[in-house]
Amino acid sequence: MSRRVSRPERGIALSERTSPAHRSPIRNAILPSTATVALSQHIGAPAECVVRVGDRVREGSLIGRPNGLISSSVHSPIPGVVTSIRTVVLPGGERSEAVVIALEGGFDRPVGGTLREPPERSSEELLSHLARMGVVGLGGAGLPTHLKLRPPKGLAIDLLIVNGAECEPYLSADFRLMVERPGRILAGAAIAARLLGAKAIRVAVRASYPEAIESMRAEIRGGGLPMEIVPVSSAYPAGDERALTQSVGGRRIPSGARSADVGVVVVSVATLAALHDAVALERPLFERVVTVAGGAVAEPANLKARIGTPIGALLEECGGFLQRPERILVGGPFSGSVTFDLDTPVTKRTTAVLALTSEEVKAAAPTPCINCGRCEEACPRELVPDRLLRLVERDRLEDAAAEGLAECNECGCCSYVCPAHLPLVESFRRGKLLARNRGVA
Amino acid sequence: MRPSFPHSLGAAPHLHEGATTARVMWTVALCLAPSGLWGIWQFGLPALLVLVTAIAAAIAAEVLVGLLRRRFSLADGSAFLTGLFVAYTMPPSVPLGVPAAAALFAVLVVKGSFGGLGANWLNPSLAGTAFALLSWTAAMGSFAAPSIWGLPGGVRAILPPFAFLSAHPGAAPAQASASAERLLTLGHYPVSPFAHGLSAWLASHVHIGIDPHAIDLLVGFVPGAIGELSPLLLLIGYLVLLRRRIVGAAIPAAFVGSLLLVSWVFGGLAFGRGLFHGFPLFHLIAGGALLGALFMANDPVTSPRSPVGKLVFGAGAGALTFLLGDWGSYPAAMPFAILLMNALVPMLDRGARRRRIALRAREALR
């Protein structure tokens with residue numbers, strides 16, 4: 001086996017050292033006494049609430065059904081009673097209706113379940129089953145999986161890339177899944193490939209995860225699966241869809257296009273495991289593995305948490321804070337959002353809860369740009385961030401659009417390297433929003 | 001322990017590599033320090049006073065600009081660095097008013113009036129030096145002999161090797177194949193006892209013949225501006241910056257390459273030796289070319305961003321350093337060469353920007 005490592009062309013090299021959380025096996029988080037389950041946990045329309053205050057729900061009962069074509073289902077993560085339905089603020093600032101459930105009663109769903117052959121079903125039946133089970137992308141974006149796996153009209157998908165690149169620092173949930181549950185991931189991959197009509201499956205695993213590569217390889221060998229493992233660089237953002245399509249798929253995505261346009265679909269390992277559970281175990285998506293880490297956390301860990309668990313409970317379960325955290329984040333350090341509220345509930349998009357110290361954040365006041373060009377060297381989309389910043393700040397949105405502002409996916413590489421600490425990503429986010437509102441191409 | 005409100009409302013990304021502009025500036029200053037200390041060791045108090053004067057004037061000017069703009073940027077180290085660079089291009093014997101005026105011009109006129117750090121389109125310190133060269137030509141062109149030569153105290157103005165050769169071209173035609181060092185020897189140019197001893201030792205013990213003048217030039221036992229004496233120390237400082245990825249290699253490589261090439265092709269003409277009989281290495285290590293190539297031309301604010309732009313910029317500055325120096329009125333032409341190329345930077349980057357936008361538009365159409 002060659003030790004060729006596929007790397008993104010640009011981006012930033014990060015330390016390959018693993019964090020303490022990487023050595024902490026997945027364990028079940030303590031059940032929350034109340035779960036706050038947002039009805040908007042995915043891209044698209046919020047689910048339509050089907051319960052009322054006072055209703056009794058079981059573990060896995062439907063509480064929200066898909067509302068329209070781009071939507072998904074939401075289930076009760078715990079048995080109990082609906083105590084209220086209220087508006088919550090989700091990480092990232094979005095507001096959503098949420099069903100609050102107080103834990104009560106027993107668990108009647110078989111724990112875990114046994115692996116068995118998925119029942120023979122047509123693709124259409126499988127896709128609507130996934131919508132019913134509320135399976136959405138667990139990598140953070142939250143695109144409903146039944147939409148992602150529906151082959152786009154007129155496009156033939158021939159390659160499925162299993163995303164085990166886990167390129168953001170601190171995150172370790174995907175690593176643990178690959179080490180502990182390779183069978184579910186790969187069985188999920190087989191189902192996804194069948195739905196897409198993809199003939200080839202390539203499993204992208206971070207090269208600095210030898211344990212995960214070994215575990216996944218053993219599973220592939222043992223099952224005689226027609227899949228190939230491709231170690232990928234541990235640079236950030238090696239796990240970006242575009243980067244993987246290029247490095248693992250060998251196909252360049254043209255400006256303004258998506259990976260499906262070149263016949264590639266990328267699905268994260270966590271999503272595939274959930275997909276497997278939904279199909280083979282009839283298990284709705286109501287829990288997920290969350291990495292709890294950061295310099296301020298006493299005992300970093302990977303917790304399998306019920307959706308709706310307050311993040312404060314997870315932090316407490318990891319021993320609380322060693323010191324005052326500078327920032328508490330929901331999501332990875334590059335893409336996550338700051339939160340001030342420890343009652344913020346875990347959603348299907350919550351990859352991690354991080355409490356970072358000021359030594360880790362290294363915030364500094366912005367100084368003038370000295371034209372050093374590091375942002376341009378770092379940008380995986382080959383944009384020129386300092387130029388874009390100037391254009392957005394001067395409200396020259398047409399010129400910014402010509403320079404590719406819309407293609408920025410806010411990975412954060414530019415801001416990470418900028419010695420002037422300029423608010424690059426921040427202003428691109430604002431600029432993109434302004435451009436959309438004004439209809440600038 | 002619950003976090004108390006408010007803690008920072010930060011936007012993603014929530015990590016940083018750790019570099020700051022100030023750290024970059026102070027690292028550059030630190031890597032330049034050995035060369036300046038060498039100058040102080042060679043020329044003593046006068047060199048130190050020039051350094052202190054230039055830096056103090058630059059900082060005073062930065063404070064003044066800060067007062068006017070109500071925005072202070074002293075801690076970023078850029079004013080210190082500007083003062084340092086101004087002093088490095090001055091002869092140690094220069095009257096102290098010259099470095100002061102040059103540093104004030106650099107920070108007030110070239111940097112401050114255009115909007116401060118990052119907004120200037122000429123390298124401030126080089127503009128200050130050019131200002132001094134044009135205003136106090138004689139003072140900027142008289143050099144003291146290095147103390148190690150042990151010349152009688154009365155010797156004041158001595159020509160640096162490069163100017164010396166230009167002033168005594170007579171011996172050259174007869175010696176069409178001779179090196180620059182050989183010509184210095186023929187002209188009875190002084191040699192340091194150190195170089196003399198080392199050359200003799202190398203010849204007798206390792207059987208390597210190195211002209212003592214070459215040793216003096218390389219190590220920095222020559223008259224010259226305070227910070228450009230020792231190519232060896234400048235190179236070490238540059239390599240540290242390169243390794244820490246604070247500066248790039250494209251501009252220095254293009255600068256050095258083009259200077260070597262052009263001075264080899266045309267450098268012999270002034271001595272009546274014809275084409276392809278120049279002294280390329282001599283041109284590189286004698287005078288300020290290396291300080292310009294490794295540091296000043298590499299100033300990010302005033303150099304291009306595109307890879308092609310960097311090569312054109314470096315090559316142009318290298319060629320002009322020779323051409324203006326050999327055929328112009330000021331032998332130390334490095335500041336003029338780089339300033340000329342500074343002025344072309346917007347043009348060099350505009351081409352790259354147009355190509356980039358066109359490429360994106362073409363791809364989107366497909």
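We name chains A, B, ... by the order of the sequence lines, and we start the count at 1 in each one. Reckoned from all heavy atoms, side chains included, excluding hydrogens, waters and symmetry mates. On a predicted model such as this, the values are computed, not experimentally measured, just so you know.
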* So what's closer than 4.5 Å to chain A heavy atoms on B/Val301: side chain, backbone, both or neither? -> both
* What residue, out of A/Glu360, A/Lys362, A/Glu403, has the most heavy-atom pairs lying under 4.5 Å from chain B? -> A/Glu403
* Under 3.5 Å, is there a donor-acceptor pair linking the side chains of A/Ser335 and A/Glu410? -> no
* Asked: Taking every heavy-atom pair that is under 4.5 Å apart, which of B/Glu17, B/Arg245, B/Arg356 has the most such pairs with chain A?
  -> B/Glu17
* Asked: Which region of A/Pro169, side chain (C-beta onward) or backbone (N, CA, C, O), has a non-hydrogen atom less than 4.5 Å from a non-hydrogen atom of chain B, or is it both or neither?
  -> side chain
* To do: Establish, from distance only, whether the side-chain atoms of B/Thr21 and A/Thr367 form a donor-acceptor pair under 3.5 Å.
  => yes
* Working to the nearest 0.5 Å, report the span between CG of A/Leu383 and CZ of B/Arg360. => 5.0 Å
* Asked: Taking atom CG of B/Leu311 and atom CZ of B/Phe255, what is their separation to the nearest 0.5 Å?
  -> 14.0 Å
* **Portion of A/Leu422 that has a non-hydrogen atom of chain B nearer than 4.5 angstrom** => neither
* **Distance-only donor-acceptor check, side chains A/Ser259 and A/Asp261, under 3.5 Å** => no
* Check each atom of B/Ile246 against the heavy atoms of chain A and say whether the ones under 4.5 Å are side chain, backbone, both or neither. => both
* Out of A/Cys418, A/Cys413, A/Pro333, A/Pro368, which one racks up the most heavy-atom pairs below 4.5 Å with chain B? -> A/Pro333
* Structure fact -> Greatest number of non-hydrogen atom pairs under 4.5 angstrom with chain B, of A/Ala364, A/Pro423, A/Gly404, falls to A/Gly404
* Between A/Thr339 and A/Asp341, does any side-chain donor sit less than 3.5 Å from a side-chain acceptor? -> no
* Side chain, backbone, both or neither: which part of A/Leu356 has a heavy atom under 4.5 Å from chain B? -> side chain
* Asked: A/Glu407 versus chain B, heavy atoms under 4.5 Å apart: side chain, backbone, both or neither?
  -> side chain
* What residues, two or more places apart in sequence or in another chain, satisfy side-chain contact (heavy atoms from CB on, under 4.5 Å) together with A/Thr347? -> A/Gln41, A/Leu90, A/Arg349, A/Thr350
* Heavy-atom pair count under 4.5 Å with chain A, highest-scoring of B/Ala12, B/Gly115, B/Gly118, B/Ala119 -> B/Ala12
* Hey, could you give me the OG1/CG distance between A/Thr344 and A/Leu314, rounded to the nearest 0.5 Å? => 11.0 Å
* Structure fact -> Bottom line for A/Ser358: the part with an atom under 4.5 Å from chain B's heavy atoms is neither
* Heavy-atom distances under 4.5 Å only: say whether A/Ala420 touches chain B with side chain, backbone, both or neither. => both
* To do: Report the option among A/Gly373, A/Ala363, A/Ser337, A/Ala355 that has the most heavy-atom pairs separated by less than 4.5 Å from atoms of chain B.
  => A/Gly373
* Among A/Arg429, A/Glu426, A/Arg374, A/Glu316, who wins on heavy-atom pairs under 4.5 Å with chain B? -> A/Arg374
* Asked: Distance from B/Leu344 atom CG to B/Ser303 atom OG, nearest 0.5 Å?
  -> 13.0 Å
* Structure fact -> The interface call for A/Val425 against chain B, heavy-atom contacts under 4.5 Å, is side chain
* Structure fact -> dist A/Thr291:OG1 -> A/Leu354:CG (nearest 0.5 Å) comes out at 8.0 Å
